[in-house]
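Reviewing the structure listed below.
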2 protein chains.
Amino acid sequence: MSGQRPIYRTVKNALQHRIETGALRVGDQLPSEEAIAQEFDCSRLTAHRAVRELAAEGFVERRRRAGTTVLPRERGGVLIRIPLIRDEVAAAGKSYRYELIDLKSVAASARVASDLGLAQGDEVLAVRCRHWGDRTVWQYEERWINPAAAPGVQDQSFLRTSPNRWLLTHVPYSDVTHEITAVAATKAQAVRLGLAIGAPLLQTRRVTSLHGTGITTVTLLHPGGTYTLRSGPAQDGTSA
Amino acid sequence: MSGQRPIYRTVKNALQHRIETGALRVGDQLPSEEAIAQEFDCSRLTAHRAVRELAAEGFVERRRRAGTTVLPRERGGVLIRIPLIRDEVAAAGKSYRYELIDLKSVAASARVASDLGLAQGDEVLAVRCRHWGDRTVWQYEERWINPAAAPGVQDQSFLRTSPNRWLLTHVPYSDVTHEITAVAATKAQAVRLGLAIGAPLLQTRRVTSLHGTGITTVTLLHPGGTYTLRSGPAQDGTSA
DNA sequence: TAGTGGTCTAGACCACTTT
DNA sequence: AAGTGGTCTAGACCACTAG
């Protein structure tokens, strides 16, 4: 069957189907690449690619000599997408607006210095801004930028372009770390977000770096009622 | 120069380095596979694999005839790991304990029916339980299971094994959807979690299904102060 | 030490899309 | 029409590890 679908994909789907239907159970061993190649009448490399992608997506584990075994589906947890704020607002059918609150050079606090790999008291750029969806605050943002790691940032006013947008397009990075938690709004936060003190907020802390050099650390606060992170069925293991 | 590192990885790293350092800028075109193969003195397939993985990880876009171009790094958002509760508690250095609150067969509410693809009023299994870390509630869980989609679930007492654990190892699934938001604890929730009314909670809603058939839907509530979702630098595009 | 996965090559044909 | 990526093959050698 299949038709124009690549062979490796046919093989991969067939094996995945065996796992999902229980024909292959957790701990069972898959046929060797050689055997798969014979069964599907393809080269070993084609069989290899099919199984390699299943391994990359967490379905199976491969070990030389020991062969390929079906993994318990629990491992590794689940992957969630964090959308860009502009897209998120647009998806909700609201019109997006960015607002700068203030921008200044300050001495790094202990936490900021730790996030960015600087010494406490080193000079960093502090930006506070808001992201609106129609007439409500969608996200309140407090950001610190390591000027040494972001050449040209000193010339930015961030009046019209959000720091996130500018950084993404001008400063290369390699690693991002997120921490997501729920907090109660402090008085200052409540004012910025137009909410009551103690209101539940979804807080995202993000640190961005390039090969060990901290670029920026940011705290994002979203009103709990309206803001939701989602993960679609998008597995998206490998071959886009 | 490398040594035991595979050639395709050397090539991949070299290209990735050019992107991250700005030698190749957004919109620039990568050399053709043929040219890469010549430059690194390898076969075209090896060059292909290197570039294919860069594409799978979102660094570049590939189009026939048009070639391979560097993408703006913003696209697609970020991926976050949701750990298993047992692992999360263990990682915090606490001892994990599971506690069943109750288990009964009920008529599906509108929301549960919608999540599971059933008709309102259809019979579903309702489970409520708690996950402890030492002497504090780490997570309070309300779950509904479609018995038709989980053969054998009727025989389970869930007294010692959590429904999550049993389902993961006994019922195959293909798709999972998550919604994460922050909520204020209701009176009932506050009691279950041992918190004050209005305390911020991180709420995770999860729907698990197999090829369109709803298996289970669950609402997980975590105390806001102690619970944090994290994403490491784990990019994990393809080749594990 | 034998079996399995990991990688690599040289060459080939095809599919798509720009010129 | 031509250039680029997408896939495939047959065969090869190496790396790791269970028996």
Side-chain angles (χ1 to χ4, degrees), chain A residues 1-16 18-19 24 27-71 75 236-240, chain B residues 1-16 18-19 24 27-71 75 236-240:
Chain A
M1 344 219 80
S2 66
Q4 47 260 54
R5 193 168 43 182
I7 300 175
Y8 80 87
R9 191 155 272 288
T10 303
V11 175
K12 179 182 171 187
N13 286 354
L15 295 174
Q16 187 173 336
R18 289 183 198 173
I19 293 170
L24 285 171
D28 282 358
Q29 199 159 94
L30 266 70
S32 72
E33 295 186 352
E34 194 73 46
I36 292 172
Q38 285 189 20
E39 176 183 349
F40 290 91
D41 193 29
C42 63
S43 76
R44 207 199 106 195
L45 183 60
T46 300
H48 172 73
R49 178 163 180 190
V51 183
R52 190 213 312 150
E53 293 196 356
L54 286 179
E57 292 168 25
F59 287 97
V60 299
E61 183 186 37
R62 317 199 73 191
R63 273 160 53 213
R64 284 163 164 152
R65 169 75 208 203
T68 303
T69 53
V70 179
L71 284 177
R75 315 178 345 123
D236 189 43
T238 54
S239 67
Chain B
M1 35 197 133
S2 59
Q4 46 261 51
R5 192 167 45 184
I7 300 174
Y8 81 88
R9 191 155 271 287
T10 303
V11 176
K12 180 183 172 187
N13 285 354
L15 295 172
Q16 186 173 335
R18 289 182 199 174
I19 294 171
L24 285 170
D28 284 356
Q29 201 161 95
L30 268 68
S32 72
E33 294 185 352
E34 195 73 46
I36 292 173
Q38 285 189 21
E39 178 184 347
F40 291 91
D41 192 30
C42 64
S43 76
R44 208 199 105 197
L45 183 60
T46 300
H48 172 73
R49 178 163 180 189
V51 183
R52 191 214 308 152
E53 293 197 355
L54 286 179
E57 292 169 24
F59 287 97
V60 298
E61 183 185 37
R62 317 199 73 191
R63 274 161 52 215
R64 284 161 166 158
R65 169 75 208 202
T68 303
T69 53
V70 178
L71 284 177
R75 312 176 351 120
D236 190 42
T238 53
S239 66

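Quick note on labels: first sequence line is chain A, next is B, and so on, each numbered from 1. Computed over heavy atoms, backbone and side chain alike; hydrogens, waters and symmetry mates excluded.
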Next item on the list: List in numerical order all residues of residues 62-69 of chain B for which some heavy atom is under 4.0 Å away from an atom belonging to DNA chain C.
Entry: B:Arg63, B:Arg64, B:Arg65
Check: Given atom CZ of B:Arg52 and atom P of D:dG5, what is their separation to the nearest angstrom?
Finding: 14 Å
Item checked: d(CD, B:Glu61; P, C:dT18) in whole Å -> 11 Å
Next item on the list: Find the runs of at least 3 consecutive base pairs, i with j, i+1 with j-1 and so on, that include DNA chain D, using Watson-Crick or G-U wobble geometry with both distances under 3.5 Å.
Entry: C:1-18 with D:1-18
Next item on the list: Write down the distance between CZ (B:Phe40) and P (C:dT7), rounded to a whole number of angstrom.
Entry: 18 Å
Kindly give the atom pairs (protein nitrogen or oxygen, nucleotide nitrogen or oxygen) under 3.5 Å for nucleotides 8-12 of chain D.
| unit_1 | atom_1 | unit_2 | atom_2 | d |
| --- | --- | --- | --- | --- |
| D:dC8 | OP1 | A:Ile7 | N | 2.1 |
| D:dC8 | OP2 | A:Tyr8 | N | 3.4 |
| D:dT9 | OP2 | A:Ser43 | N | 2.8 |
| D:dT9 | OP2 | A:Ser43 | OG | 2.9 |
| D:dT9 | OP2 | A:Thr46 | OG1 | 2.6 |

Check: Is the closest side-chain heavy-atom distance between B:Arg49 and A:Arg49 below 4.5 Å?
Finding: no
Check: Rounded to whole angstroms, how far apart are CD on B:Glu34 and C1' on D:dG5?
Finding: 11 Å
Check: By side chain to side chain contact (heavy atoms under 4.5 Å, CB included), which residues pair with B:Arg65, not counting sequence neighbours?
Finding: none
Margin query: Suppose we screen for side chain to side chain contact (heavy atoms under 4.5 Å, CB included). Which residues come up paired with B:Ala35, at least two apart in sequence or across chains?
Written below: B:Pro31, B:Ser32
Check: Is there side-chain contact between B:Leu54 and B:Thr68, with at least one heavy-atom pair below 4.5 Å?
Finding: no
Check: NZ of A:Lys12 versus C1' of D:dG6: gap in Å, rounded?
Finding: 15 Å
Next item on the list: May I have the distance from A:Gln38 (atom CD) to C:dG3 (atom P), rounded to whole angstrom?
Entry: 14 Å
Margin query: Holding to side chain to side chain contact (heavy atoms under 4.5 Å, CB included), I want the full list of residues that pass it with A:Ile19, two or more places apart in sequence or in another chain.
Written below: A:Leu24, A:Phe59, A:Val60, A:Val70
Checklist line | Partner set under side chain to side chain contact (heavy atoms under 4.5 Å, CB included) for B:Ile7, not counting sequence neighbours | finding: B:Val11, B:Cys42, B:Thr46
Margin query: Suppose we screen for side-chain hydrogen bond (donor to acceptor under 3.5 Å, both in side chains). Which residues come up paired with A:Glu39, at least two apart in sequence or across chains?
Written below: A:Arg18
Checklist line | salt bridge (Lys or Arg N to Asp or Glu O under 4.0 Å) involving A:Arg63 - partner list, sequence neighbours excluded | finding: none
Checklist line | Residues which pass side-chain hydrogen bond (donor to acceptor under 3.5 Å, both in side chains) with A:Glu34, listed by chain and number, not counting sequence neighbours | finding: none
Margin query: Test side chain to side chain contact (heavy atoms under 4.5 Å, CB included) on A:Glu53 and A:Gln16; report intermediate values, then the result.
Written below: CA-CA 10 Å; A:Glu53 293 196 356; A:Gln16 187 173 336; over 6 Å; no
Notebook entry, point to check: In chain order, what residues pass the side-chain hydrogen bond (donor to acceptor under 3.5 Å, both in side chains) check against A:Arg44, with sequence neighbours excluded?
Noted result: A:Glu33
